[in-house]
S.K.: 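Below is one structure. I have some questions about it.
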Amino acid sequence: MEEYINYSPPDSRTLQYRLKNVGETAWIEDLNYQRLRDTFAVMCLQAGGDVYSVAYVMGIGTGAICDRYGQWMVLRDAFLKGIR
């Protein structure tokens with residue numbers, strides 16, 4: 001019979017501490033979750049991902065994606081220059 005393992009995810013401070021240690025090991029200054037989120041979004045948009053898919057994956061609205069990462073989309077898509 002299998003034993004029940006009581007598992008609870010680590011709290012956010014523990015995760016931030018571990019991420020900071022990984023960043024220091026890799027010589028990345030000020031590594032945090034927001035920087036990882038921003039990097040993910042920008043790389044998806046530069047690779048041709050659409051705003052709706054990126055917003056869905058990140059769990060935020062398309063307006064927030066356009067406001068925060070609009071300059072990355074304008075650099076890639078010529079038609080967005082007329083909208084801004």
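Note that the coordinates shown come from a computational prediction; the quantities given were computed from them, not determined experimentally. Side-chain atoms are counted along with the backbone in the values below, which use heavy atoms only and exclude waters and symmetry mates.
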S.K.: Check whether any side-chain heavy atom of Leu31 lies under 4.5 Å from a side-chain heavy atom of Leu36, and answer yes or no.
M.R.: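 Of all side-chain heavy-atom pairs linking Leu36 with Leu31, at least one is under 4.5 Å.
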S.K.: State the CG-CG distance between Asn32 and Leu15, to the nearest 0.5 angstrom.
M.R.: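 Here the interatomic distance stands at 13.0 Å.
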S.K.: Does some side-chain heavy atom of Asp30 sit less than 4.5 Å from a side-chain heavy atom of Arg35?
M.R.: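 A side-chain contact under 4.5 Å exists here.
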S.K.: Taking the side chain as every heavy atom from C-beta outward, state whether Val54 and Val51 have any atom pair closer than 4.5 Å.
M.R.: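 Contact flag for Val54/Val51 side chains = no.
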S.K.: Please examine the side chains of Val57 and Phe40, heavy atoms only from C-beta on, and report whether any two atoms are closer than 4.5 Å.
M.R.: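 Yes; the side chains approach each other to less than 4.5 Å.
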S.K.: If you define the side chain from C-beta out and look only at heavy atoms, does anything of Arg37 sit under 4.5 Å from Ile60?
M.R.: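 Arg37 reaches Ile60 side chain to side chain.
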S.K.: Could you measure the distance from the CD1 atom of Ile65 to the OG1 atom of Thr62? Nearest 0.5 Å is fine.
M.R.: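 Here the rounded value is 8.5 Å.
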S.K.: Answer yes or no: are there more than 12 heavy-atom neighbours, outside Gln34 itself, under 6.0 Å from its atom CD?
M.R.: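 Counting other residues, nucleotides and ligands, CD of Gln34 exceeds 12 neighbours.
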S.K.: Considering residues, nucleotides and ligands other than Met58, do more than 12 of their heavy atoms fall under 6.0 Å from its CE?
M.R.: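 Count over threshold, so yes.
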S.K.: Determine, for Asp38 against Arg68, whether the closest basic-nitrogen to carboxylate-oxygen distance falls under 4.0 angstrom.
M.R.: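 Salt bridge between Asp38 and Arg68, a charged N being under 4.0 Å from a carboxylate O: yes.
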S.K.: Within a radius of less than 6.0 Å around OH of Tyr33, do more than 12 heavy atoms belonging to other residues, nucleotides or ligands occur?
M.R.: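 More than 12 within 6.0 Å, yes.
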S.K.: From Cys44 SG over to Tyr69 OH, what is the distance, rounded to the nearest 0.5 angstrom?
M.R.: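 With rounding to 0.5 Å, SG (Cys44) is 10.0 Å from OH (Tyr69).
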S.K.: Do you know the tightest heavy-atom contact between Ser53 and Asp50?
M.R.: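 Smallest interatomic distance, heavy atoms only, reads OG-OD1, 2.7 Å.
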